[in-house]
There are 2 protein chains.
Amino acid sequence: MKPDDLGVHPRTSSVHAVMRDDPGPTAEECLGRTTHFREDMRHGGGSCHAVSDMLSRIGDKWTLVVVSYLGEGPMRFNEMRREIGNISQKMLTVTLRNLERDGFVTRTVTPTRPPQVEYALTEMGHCLLVPVTGLARWTLDNIARIEAARADYDDRDGAAAGK
Amino acid sequence: MKPDDLGVHPRTSSVHAVMRDDPGPTAEECLGRTTHFREDMRHGGGSCHAVSDMLSRIGDKWTLVVVSYLGEGPMRFNEMRREIGNISQKMLTVTLRNLERDGFVTRTVTPTRPPQVEYALTEMGHCLLVPVTGLARWTLDNIARIEAARADYDDRDGAAAGK
DNA sequence: CGGCATCCTGCGGGATACTG
DNA sequence: CAGTATCCCGCAGGATGCCG
């Protein structure tokens, strides 16, 4: 039963495994080493790929977009759908569900004639925007350099192996 | 020709399109609105999905891991392969190639009998670690809350729709 | 209106085998 | 040692259709 069932939480189950027992190499496995990271990572006791996991979460196609829209204030489903424009209702649903599950947004159903559902960022949701914005700022500040590096790289192998 | 060819740069081409002309909705499309983001995003002139793009880049399965390992110092190919352990040589190659292309790592070939190739983080590579570490720290600081929220959510729908 | 369920496709990414 | 080239599979994610 439930063949597809909208892929909500089956994938993020890995974090559970790491956080609970996980007898083997906790800190030494994934992001294990690295001075920079280590220094900042001996907080949670060595949960390493939890960070990669988080980045994959917010790094997916829609999460950040949705969060940023909600950052301005609560919105309803189709309102977001229209504003964002190119998102499918499936992905909006899935994204919102995952965000709700992680405690980043709240879902409030107002049972009117045509039912209204309002989504809003939680405190933690807003909180998340802070470091994310930091990375966003960095990206925008350095996008030119990255662009240049890419063009340079593409030139070289384009000229060499081009044909 | 080149049927698979290791997927290096074909995907990141989207950024180019955005940065150059792109007559349509630049800032208004993707992360367009959002006070928080907007405030911090009128830097680059409204490149919005460049940020999502960047997050997808570093949010992939291995980029962050590789970068963090290199953050400790230069390493050779199989050295990394051994240290990381569970990465395939294909993904190591692809990840390193992309990082090199973006200007985050340098690739130095020392033509000895068995050739040596050393990878090292560039200044920009190290620079990238700063905001990323910020997000990593936040994740580790809040992973417990996220965990709790998830467990809570799973309980409720587990008890309700449980069967 | 706000979903869930199904089909289908692309591509991320692992395993394997072959070169220089 | 450091890759490159293939094959193959799973899953993110788009399109469509149905339901309260």
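Treat the numbers as computed from the prediction; the structure is a model and nothing was measured. The sequence lines fix the lettering, A, B, ..., with proteins before strands; numbering per chain opens at 1.
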Go through [options] for me and flag the one nearest to the [X] side chain.
X: A/Arg97; options: C/dC4, C/dC1, D/dG13; answer: C/dC4
X: B/Met91; options: C/dG14, D/dT4, D/dG14; answer: C/dG14
X: A/Ser88; options: D/dA2, D/dC7, D/dG14; answer: D/dG14
X: B/Val117; options: C/dG2, D/dA2, C/dG14; answer: D/dA2
X: A/Pro115; options: C/dT6, C/dC4, D/dG20; answer: D/dG20
X: A/Asn78; options: C/dG13, D/dA2, C/dG2; answer: C/dG2
X: B/Pro114; options: D/dG13, C/dC1, D/dC1; answer: D/dC1

Going by salt bridge (charged side-chain N to carboxylate O under 4.0 Å, His left out), name the pairs with one or both residues in residues 103-131 of chain A, residues two or more places apart or in two chains.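 Listed by first then second residue: A/Glu123-B/Arg145.
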
Are OP1 or OP2 of [N] and a side-chain N or O of [X] less than 4.0 angstrom apart?
X: A/Arg107; N: C/dG2; answer: no
X: A/Tyr119; N: C/dG3; answer: yes
X: A/Arg76; N: C/dC1; answer: no

For B/Arg113, which contact category applies under a 4.0 Å heavy-atom criterion: base, sugar-phosphate, or nothing?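 Nothing, no heavy atom under 4.0 Å.
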
Could you tell me whether B/Arg81 contacts a base, only the sugar-phosphate backbone, or nothing, with contacts defined as non-hydrogen atoms closer than 4.0 Å?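 Contact class for B/Arg81: none.
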
Calculate the interatomic distance between [X] atom [atom1] and [N] atom [atom2]; express it in whole Å.
X: B/Asn98; N: C/dG13; atom1: CG; atom2: P; result: 10 Å
X: A/Ile87; N: C/dG3; atom1: CD1; atom2: C1'; result: 14 Å
X: B/Asp60; N: C/dC11; atom1: CG; atom2: C1'; result: 13 Å
X: A/Gln116; N: D/dG20; atom1: CD; atom2: P; result: 21 Å
X: A/Lys90; N: C/dC4; atom1: NZ; atom2: C1'; result: 11 Å
X: B/Leu96; N: D/dA2; atom1: CG; atom2: P; result: 11 Å
X: A/Met80; N: C/dC1; atom1: CE; atom2: C1'; result: 15 Å
X: B/Leu92; N: D/dC1; atom1: CG; atom2: C1'; result: 13 Å

Could one point to a donor on the side chain of A/Lys61 or the base of D/dG13 with an acceptor on the other under 3.5 Å away?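 Flag unset: no donor-acceptor pair detected.
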
For the residue pair B/Asp60 / B/Thr63, report whether a side-chain donor-acceptor contact shorter than 3.5 Å exists.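 Yes.
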
Is A/Leu99 close to A/Val67 at the side-chain level, that is, under 4.5 Å between some pair of heavy atoms?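 Yes, side chains in contact.
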
Set of residues satisfying side chain to side chain contact (heavy atoms under 4.5 Å, CB included) with respect to A/Asn78, sequence neighbours excluded: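 Residues passing side chain to side chain contact (heavy atoms under 4.5 Å, CB included) with A/Asn78: A/Arg81, A/Arg82.
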
Please identify each residue that fulfils side chain to side chain contact (heavy atoms under 4.5 Å, CB included) with A/Ala120, with sequence neighbours left out.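 A/Ala120 satisfies side chain to side chain contact (heavy atoms under 4.5 Å, CB included) with A/Pro74, A/Thr106 only.
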
How long is the straight-line distance from NZ of A/Lys61 back to CD1 of A/Ile87, given to the nearest 0.5 Å?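 Going from the CD1 atom of A/Ile87 to the NZ atom of A/Lys61 covers 9.5 Å.
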
Start at the 5' end of DNA chain D and walk down; is the nucleotide closest to B/Arg82 or to B/Gln89 reached first?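 Comparing both residues, the 5'-ward one is B/Arg82.
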
For the helix from C/dG2-D/dC19 to C/dG20-D/dC1, what angle separates the axis at the start from the axis at the finish, each from five pairs, in steps of 10°?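 Rounded value for the end-axis angle: 30°.
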
Using every non-hydrogen atom in the two residues, find where A/Thr122 and A/Gly103 come nearest and quote the distance to one decimal.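 Result for this residue pair: OG1-O, 2.7 Å.
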
Side chain to side chain donor-acceptor pair (under 3.5 Å) with A/Trp62: which residues, sequence neighbours excluded?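 A/Trp62 satisfies side chain to side chain donor-acceptor pair (under 3.5 Å) with no other residue.
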
